[in-house]
Structure formats: C-alpha cells, structure tokens
Amino acid sequence: MPELPEVETIKLQLEKFLKGKKIVSVEVKSRKIFQGDEKKLIGGKVINVRRFGKVLCIDLANKYSILAHVKLTGQFIYRGPELKNEVLSEKVIGGIPGIHTHVIFRFDKGILYYNDVRRFGWVRVVKTSEVEEEPFIKKLGPEPFRGLTLKNFSEILSKSGRAIKLVLMDQTKISGIGNIYANDAFNLARIDPRTPSKNLRTEEIKNLYEAILKVLRLGIKYGGASDQYYLDARGKKGHYQEHFLVYNRTGEKCFNCGNLIKKFFLGGRGTYWCPNCQK
DNA sequence: AGTATCCTGGAA
DNA sequence: TTCCAGGATACT
C-alpha cells in the first residue's frame, strides 16, 4: 500500500475520524507487529495525525504517539458512527476483525483495526517528543511537497552513480516514493530508470522532479493505488491503478508513443518502462 | 551491486 | 507448484 499517496490518504481520513476521540482500549494480537506498551495509550485523546514519508503518526494529548509503517500489506481500517450509512464495498481479506487483524484500537466512538496479511508492518508506541528522533524517521530524506526542492533534488542526484530509480526509492535520500510512483514518474519524464543518477542532464532532472510531483499528486487525487491489498481507512479501494502509466502494464501500449511496455528487474524490483521513449 | 529474508495469498 | 507482490534490511 504504502507509498506517499496511500499513506497521505489514510492520514487525512484518520485525522477526520479520530481527532478529538479518546482511546478506551488497545488489543494487541501480535507482539511482532506492535512494539511498546499499549497501556500508555489508554485515555489518550487524538490531537494530531502526521505523516513522515511512508510512516504514519497519531499524536495523543498525553504526550504519546502511535508510529506505524504498513509496509506492503498493512491496513488501517476505521469503523464508527460516521460510516454508518456507507456500504462496505470491499471485502477485507480474513475479515474485520479477522485472522489478519493484529491490533484493535477502541475509541470512545469508533474502532480502528490494524490488519496486515504479510505482517511486515509495525506499530510502535513512542513519546511524542521522541518521534523525530526515532532512527527510521531521523534517517528519512526530504520529501516531495515538503523540503524537496529542485535545487536539493539536483544535489542529491549528483552524489550517486547508482541507477536513478534506486536513488529515488532510497528513503534516506528522498522519502515517500515507492515502486509504483517511481516507475510512472520515469515514464512521464521519459527517462530510463537505469541511468546513473549523476548522469542526468539539468533538463532531465527538472522533468523528473516535475513528474514526481505530478504522479504523487495524481495518486493522492485518486485516493492511492489498490493494485493488490491497499484499502483506505474506510476500507475502500483507491483508484490510481486505473491511471497507471507503466506500472503493471507489461505488453500494453505506452500512452506517450504507443510502443509496448516492457518489464525487467532492477534492484530486485519489477521495473516497467517504454523502451522507445525512455532512453 | 546483487540476493535472501521477513510473510501470505493469488495468479500463472 | 512456482513465481510474484505498494518495503526495508542484513547478508554475500
């Protein structure tokens, strides 16, 4: 699920659903996923929801925060009075709650479930004052829309000779971009994802920078990409997958030039590109 | 720089 | 049955 647009979608929804509500109980079913003392959260009122790259952060008035990374298959799904009249359109694998539910947060009004099929994600209790000192958070590079300018983007790219796609997806260089949006950004910018980062020309850097902002903005606009497991906080699918430029479109036509999209592996990740217009 | 690893489910 | 999956890290 989890690239910047998906986590941003969840963030905005949780902000709306949870702000001002108090945690009544926390039920932990997996100690591997939930780290820290859930008792610290009891009675805490949600005052803020933040996002750091792909990491979600729920701040409580009692000075504790819930930090979470949903990795590939984590889902935060809210059920509460606000959704009473909404049809639950998507079936959640294993049910809600079900075999893949690992944490249940009960609020004075409403319940938040953390589901994770592959159990790669984590949910952590951290003091609010220490959130930004958490090793994972501290290492994050600047993110698009917040700190990443054309100037520092250009500097970051000039410092590495690795394939540009690996640099874009390296969260310590730039945070928030994952495999879907990286692939699509390169197609939009018409750049070969294998190009050594430092070899990009000024013009290409600018095109890539703008392409990144554009695809991420589109992702947010469509509520994220539900290619496989992603569901938003209401349990509904996003729609960016209906607008993929190259991701998961092997054998289909490039929207730029009509040639066929191909796939190869780069850094162990499926990489989709148009050999004709991404040179 | 590449590959294995944490996991499960779905598609081929 | 094998391979692949929006991530990140620990190894050769």
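All heavy atoms count here, side chains included; hydrogens, waters and symmetry mates do not. For clarity, every value in this text was computed on a predicted model and none was experimentally measured. Sequence lines set the chain letters: A, B, ... in the order given, protein chains first and strands last, and positions in each chain run from 1.
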- [ ] May I ask you to say what A/Phe244 touches in the nucleic acid, namely base, sugar-phosphate or nothing, with a heavy-atom cut-off under 4.0 Å?
- [x] nothing
Task: A/Tyr240 and A/Glu3 side chains, donor-acceptor separation under 3.5 Å - done: no
Task: Distance between P atoms of C/dA8 and B/dG9 (Å, rounded) - done: 23 Å
- [ ] State whether a side-chain donor-acceptor pair under 3.5 Å links A/Asn152 with A/Thr149.
- [x] yes
- [ ] Determine: side-chain N/O of A/Arg119 to OP1/OP2 of B/dT8, distance under 4.0 Å, yes or no.
- [x] yes
- [ ] Under 3.5 Å for both distances, Watson-Crick or G-U wobble, that's the pair rule; now give the dot-bracket for DNA chain B, with | marking pairs to another strand and [ ] for crossing ones.
- [x] ||||||.|||||
TODO: Supply the atom-to-atom distance A/Cys274 SG to A/Glu252 CD, rounded to the nearest 0.5 angstrom.
DONE: 13.0 Å
Open item on the list: Using atom P in both nucleotides, what's the gap between B/dT3 and C/dC3 to the nearest angstrom?
Closed with: 14 Å
Open item on the list: Under a 3.5 Å cutoff, is there a donor and acceptor pairing between the side chains of A/Asp232 and A/Thr9?
Closed with: no
If you restrict it to nitrogen or oxygen atoms, what contacts under 3.5 Å exist between nucleotides 9-12 of chain B and the protein, and what is each distance?
unit_1: B/dG9; atom_1: OP1; unit_2: A/His100; atom_2: NE2; d: 3.1
unit_1: B/dG9; atom_1: O4'; unit_2: A/Tyr229; atom_2: OH; d: 3.2

Task: A/Cys57 and its side chain to side chain contact (heavy atoms under 4.5 Å, CB included) partner, picked from A/Lys11, A/Arg124, A/Arg50 - done: A/Arg50
Task: side chain to side chain donor-acceptor pair (under 3.5 Å) between A/Lys262 and A/Thr250, intermediate numbers included - done: CA-CA 5 Å; A/Lys262 294 203 170 173; A/Thr250 310; over 6 Å; no
- [ ] Whole angstrom is fine here: how far is it from CD1 in A/Ile33 over to C1' in B/dC7?
- [x] 10 Å
Open item on the list: Between P on B/dA1 and NZ on A/Lys165, what's the gap in Å once rounded to a whole number?
Closed with: 15 Å
Open item on the list: Nearest whole Å is fine: how far is C/dC4 C1' from A/Asp227 CG?
Closed with: 11 Å
Open item on the list: For a quick check under 3.5 Å, do A/Arg190 and A/Asn207 share a side-chain donor-acceptor pair by atom type?
Closed with: no
Open item on the list: Once you apply a heavy-atom cut-off of 4.0 Å, does A/Gly270 come out as touching a base, just sugar-phosphate, or nothing?
Closed with: sugar-phosphate
Open item on the list: Distance check, C1' atoms only: B/dA1 and C/dA5, in whole angstrom units.
Closed with: 23 Å
Open item on the list: From CD1 of A/Ile180 over to C1' of C/dG6, roughly how many Å is that when rounded to an integer?
Closed with: 4 Å
- [ ] Quickly work out the A/Leu56 CG to C/dG6 C1' distance and round it to whole Å.
- [x] 15 Å
Task: Nearest-0.5 Å distance, CG of residue A/Leu245 to CZ of residue A/Phe186 - done: 13.0 Å
- [ ] State the syn/anti category of C/dG6 according to its glycosidic angle, syn meaning within 90° of 0.
- [x] syn
Task: First encountered from the 5' end of DNA chain B, between A/Leu166 and A/Arg118 - done: A/Leu166
Task: Ion pair check, A/Lys159 and A/Glu155, cut-off under 4.0 Å - done: no
TODO: Pick base, sugar-phosphate or nothing for A/Tyr247, based on heavy-atom distances below 4.0 Å to the nucleic acid.
DONE: sugar-phosphate
Open item on the list: In whole Å, I'd like the distance from the CZ atom of A/Phe120 to the P atom of C/dA5.
Closed with: 13 Å
Task: Quiz item: cation-pi between A/Arg194 and A/Phe264, 6.0 Å / 45° - done: yes
Task: A/Lys165 and A/Asn179: side chain donor to acceptor below 3.5 Å - done: yes
Kindly give the atom pairs (protein nitrogen or oxygen, nucleotide nitrogen or oxygen) under 3.5 Å for nucleotides 8-10 of chain C.
unit_1: C/dA8; atom_1: OP1; unit_2: A/His69; atom_2: NE2; d: 2.9
unit_1: C/dA8; atom_1: OP2; unit_2: A/Lys54; atom_2: NZ; d: 2.9

Task: Flag for A/Asp116-A/Tyr114: side-chain donor and acceptor within less than 3.5 Å - done: yes
TODO: Calculate the interatomic distance between A/Arg31 atom CZ and B/dC7 atom P; express it in whole Å.
DONE: 17 Å
Open item on the list: Between P on C/dG6 and CG on A/Leu266, what's the gap in Å once rounded to a whole number?
Closed with: 13 Å
